[in-house]
Protein chains: 2
Amino acid sequence: MKTLSRKDEIILVAAHLFNEKGYKAVSMRDIAKAMDIKAASLYNHISGKQEILSEIILKVAEEFTVGMEKMVSESISAIKKVEKVIELHIDITVNHSEALAALNNDWMHLESENLKAFVQMREDYEENFRSIIKEGIDNGEIKSYHPEVILFSILSTLRTLYLWNQKRGKLDVNILKKDMVSVLIKGIK
Amino acid sequence: MKTLSRKDEIILVAAHLFNEKGYKAVSMRDIAKAMDIKAASLYNHISGKQEILSEIILKVAEEFTVGMEKMVSESISAIKKVEKVIELHIDITVNHSEALAALNNDWMHLESENLKAFVQMREDYEENFRSIIKEGIDNGEIKSYHPEVILFSILSTLRTLYLWNQKRGKLDVNILKKDMVSVLIKGIK
DNA sequence: TAACAAAACTAACGCTTGTTAGTTTAACTT
DNA sequence: AAGTTAAACTAACAAGCGTTAGTTTTGTTA
């Protein structure tokens with residue numbers, strides 16, 4: 001068990017608060033109080049509120065990017081790739097559930113370079129996923145529905161997974177992966 | 001074309017701003033500026049910021065509740081009910097896309113009675129949907145996956161629909177309904 | 001045209017916000 | 001024991017917040 005730096009502690013506590021009320025509704029004094037120190041003391045470890053937000057969001061965003069890029073170059077079927085995307089999301093969600101709340105709801109409060117970097121990563125990610133689906137449709141692996149409908153129906157589910165994971169008692173990861181892959185790919189009927 | 005009351009105009013403008021930056025990041029002065037008046041003038045029409053939020057959220061929440069309750073009492077198959085839930089969400093999304101952003105992201109900033117009312121409605125809604133799915137599994141219409149996985153994978157997609165509808169060029173409503181029902185029920189494989 | 005109501009205005013309030021400056025305490029290293 | 005550094009503190013700032021009070025303008029009705 002690695003010990004956390006003070007900075008990492010702040011980021012962890014902040015992520016927890018952002019998860020509950022959103023970035024704009026959490027003050028530096030709120031974060032400080034949760035750590036039992038005064039707000040000004042936070043600045044010994046971080047440069048400002050914005051740095052906290054970008055550390056939380058960009059760190060997980062990079063995990064998605066790396067995971068996706070590792071996958072696209074593999075020579076496996078399109079359906080298999082979709083399965084791997086699902087599993088990637090589940091793994092990241094289990095480990096960074098609270099950071100995902102910020103990523104989903106507070107990304108627009110990133111500033112300048114941070115914002116640009118995030119938006120770029122998200123666009124690339126979606127484009128990669130879109131290509132996988134189109135490839136699957138072209139070679140007959142995937143039914144020929146509007147690709148955008150398939151893309152967003154799967155991605156919506158995966159992106160909101162963190163909410164459900166926090167609610168009702170954290171379903172077992174492996175059962176989740178198995179049923180999720182089935183439901184999203186083979187349907188419910 | 002019915003003319004809007006000044007109050008309704010404020011609510012519409014506010015919903016638009018909340019959609020972009022979230023409730024806490026939008027000030028009364030922001031809303032006023034978007035209407036070309038001063039912040040204090042808003043109070044001739046509404047009692048405060050909280051009333052704006054609750055009008056936006058609770059109005060659509062009631063549409064969902066009414067739609068769902070009309071459905072549960074119908075004597076149609078479980079799958080048919082799921083289809084109707086999907087269509088209900090699509091119809092509401094098309095008409096109130098911006099209000100849905102507030103409903104999804106800012107409901108936690110509702111206060112006291114407003115918050116209680118919302119949470120109750122949402123719980124009832126989910127419970128109704130859960131019952132439909134369980135009924136479908138029990139009588140063999142729906143595959144026997146973990147009901148919670150089915151519930152949240154469909155509901156996640158429907159709840160985030162407003163985001164995708166705002167992005168890429170608003171897919172035609174009827175194509176959307178048709179493909180969406182197919183993807184969510186019959187799968188993509 | 002006088003009266004009334006609707007809807008805007010200016011000015012200010014008390015409070016919270018993110019952040020800075022300067023200082024003190026606590027904990028290691030020599 | 002002295003020196004150094006990490007990490008806390010107090011105090012304050014300028015700006016922004018939601019909201020109120022009181023006043024003026026605008027538009028409709030009698």
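We name chains A, B, ... by the order of the sequence lines, and we start the count at 1 in each one.
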Query raised in the report: Atom CG of A:D36 and atom C1' of D:dC9: how far apart are they, to the nearest Å?
Result: 14 Å
Query - Under-3.5 Å donor-acceptor pair between A:N44 side chain and D:dA6 base - result: no
**Report entry** Spacing of B:H109 atom NE2 relative to D:dC17 atom C1', expressed in whole Å
**Finding:** 15 Å
Query raised in the report: Rounded to whole angstrom units, what separation is found between the CG atom of B:L42 and the P atom of C:dT10?
Result: 14 Å
Requested in this report: Give a yes or no on whether the backbone of B:K21 and the side-chain of A:H109 come within a donor-acceptor separation of less than 3.5 Å.
Outcome: yes
Requested in this report: Grab the NZ-C1' distance between B:K38 and C:dT10 for me, whole Å please.
Outcome: 8 Å
Requested in this report: Report the nucleotide, chosen from C:dG18, D:dA8, D:dC17, that has the shortest atom-to-atom distance to any side-chain atom of A:K49.
Outcome: C:dG18
Query raised in the report: Counting side-chain heavy atoms from CB outward, which of D:dG18, D:dT10, C:dC9 is closest to B:I37?
Result: C:dC9
Requested in this report: Please determine if A:K24 and A:D106 form a salt bridge, counting it only when a charged side-chain N lies under 4.0 Å from a carboxylate O.
Outcome: no
Query raised in the report: Out of D:dT19, C:dA7, C:dC9, which has the shortest distance to the side chain of B:H45?
Result: C:dA7
Query raised in the report: Quick one: B:K24 NZ to C:dT17 C1', roughly how many Å, whole number?
Result: 12 Å
Requested in this report: Give a yes or no on whether a salt bridge exists between B:E87 and B:K84, defined as a side-chain N under 4.0 angstrom from a carboxylate O.
Outcome: no
**Report entry** A:S41 side-chain N/O to D:dA7 phosphate OP1/OP2 under 4.0 Å
**Finding:** no
Query - Integer-rounded Å distance: C:dC13 P and B:Y43 OH - result: 18 Å
Requested in this report: Give B:S27 one of three labels, base, sugar-phosphate or nothing, depending on what nucleic acid heavy atoms sit under 4.0 Å from its own.
Outcome: sugar-phosphate
Query - Earlier contact from the 5' end, DNA chain C, for A:D30 and A:S47 - result: A:D30
Query raised in the report: For the side chain of B:R29 and the base of D:dG16, is some donor closer than 3.5 Å to an acceptor across the two?
Result: no
Query raised in the report: Whole-Å distance between D:dA7 C1' and A:I31 CD1?
Result: 17 Å
**Report entry** Residue A:M28, side-chain atoms from C-beta onward, closest of C:dT19, C:dT20, D:dA21
**Finding:** C:dT19
Query raised in the report: For the side chain of B:E141 and the backbone of B:S77, is there at least one donor-acceptor N/O pair under 3.5 Å apart?
Result: no
Query - Pairing of B:E126 and A:K167 as salt bridge, 4.0 angstrom limit - result: yes
Query raised in the report: CD of A:Q50 versus C1' of C:dT17: gap in Å, rounded?
Result: 15 Å
